[in-house]
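Sequential numbering from 1 along the given sequence is applied to the chain's residues. One-based numbering, in listed order, for ligands and for the atoms of each. Side chains are part of it too, since the values below use all heavy atoms of this structure and drop only hydrogens, waters and symmetry mates.
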Amino acid sequence: MDASGSQQLLDDWDDISDSEFLNIPCEEQSIDPQRPLSTETDCEHSVDFNSPRVSTSSVYNHNKEALWQEAVKTDDARGLKRKSLHDNSLSPMQRFLKRHLSVTLLCDQSWCEMKTVYSLLKPYLKRKDLQRTEVQIGADMHLSRELEIQNVVPIDIRSREDAEAIKLLNMSHMISRLEAGERVREFPVFGVQEGVFFMGVIDELMYNQKGELVLNELKTRKHNSMPSSAQDKVNCLQVGLYKLLFDGLVRGEVKKDHILNHLKLRSTQVLGAGVQAHAKSIGVQVTTFEELVDALLITVSCSDLPCIDLLQLEYYHQGSSGPIGTRVAPFNEAQLRAELQGYLAYWTGQREPKGVDIEEAWKCRSCLYEQTCDWKKNRSQVSDQQAAHASSCS
Ligand code: SF4
């Protein structure tokens, strides 16, 4: 089964499998600074007993947005102080109190690293951005697609371990469905890559007529056209990272300690009655979180799931809901790992964050942080000085 989390518990598995949520602006994005933030509402966990997945539309949308909000709240609750954000003795992972990184965040970073840093420093702007109409439409389209093959059943959760347990149970159930040749949607993936624990959520997995395991990533677009090469690059990175994580799982590279230690989850935590009952209903007899992790890892290692053969990006038009086009994403593991190492060098404190290169300065025009971005200001000053120097020499 697959599940959603209550607001308090969503920060750890935050990944959003759609570009609308990547804080990557459309080429012509506009932001209404007056647009109010939505009010928070209660939500409950829900699980589909027929096939993995969660929630009502409002829960789904809210959860997607709540991921960021909760990450921020959690940081606040942990006493994150501005002083510590500039403490060079700490790596950004430590400064931002991150136990893991999400695929979404890495993709965000690949668009502009400075922007990712600002989104962590100024979360209220990020929250506002997530209220954009096109983000909401994208979420609705994802939800309807998901509900085409999955129903929702609510489950009461009482702890972080309960919330993670639901996701592991969903995953376990999806593995069985995949093995039976069915398609699954919103498949969680996780694992250690280049020394950092990552999490993500794959939109769709299915076998094609050739028997290949295909990853489909749904992207919805405001405009009825394929994305720019810059956006395409980010999307290819996203599905490439999903493949690394999924393949690591089926190869048995994910260990119990990775999950418990990186996410700081309590191995002996007894799962809530609702979670235990749900586990039992799908044939998993467990009492503690550790027992569930063991059960999941056995399920994965005993499954006959192959590595992903094909990465596909499917683009849909938001206005008509019709398809725009499909693109097969290339996968070069060595190149992808080198790229990943470059991004992680920032998170592990080996270098300072970077903004966009001059050739990509157009990205700044639709950036939430354009007015305050130091990188942009410095780049403008350098350009002005170069122009002044050139005119004095002529
Ligand atoms: S203004 Fe430009 S460099 Fe600065 S965060 Fe935005 S996109 Fe990046």
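Atom NZ of K377 sits in a crowded spot, with more than 12 heavy atoms from other residues, nucleotides or ligands closer than 6.0 Å. Other residues, nucleotides and ligands place more than 12 heavy atoms under 6.0 Å from the CD atom of E194.
The count of protein N, O or S atoms under 2.8 Å from atom 8 (Fe) of ligand 1 stands at 1, with waters excluded from the count.
For H317 (side chain) and K222 (main-chain N/O), a donor-acceptor pair under 3.5 Å exists by modelled atom type.
Taken from CE in M226 to OG1 in T326, the straight-line distance is 7.0 Å, to the nearest 0.5 Å. Atom CG of D374 is separated from atom CE of M114 by 6.0 Å, given to the nearest 0.5 angstrom.
Hydrophobic clustering (side-chain heavy atoms under 4.5 Å, transitive across Ile, Leu, Val, Met, Phe, Trp, Tyr) groups I259 together with V250.
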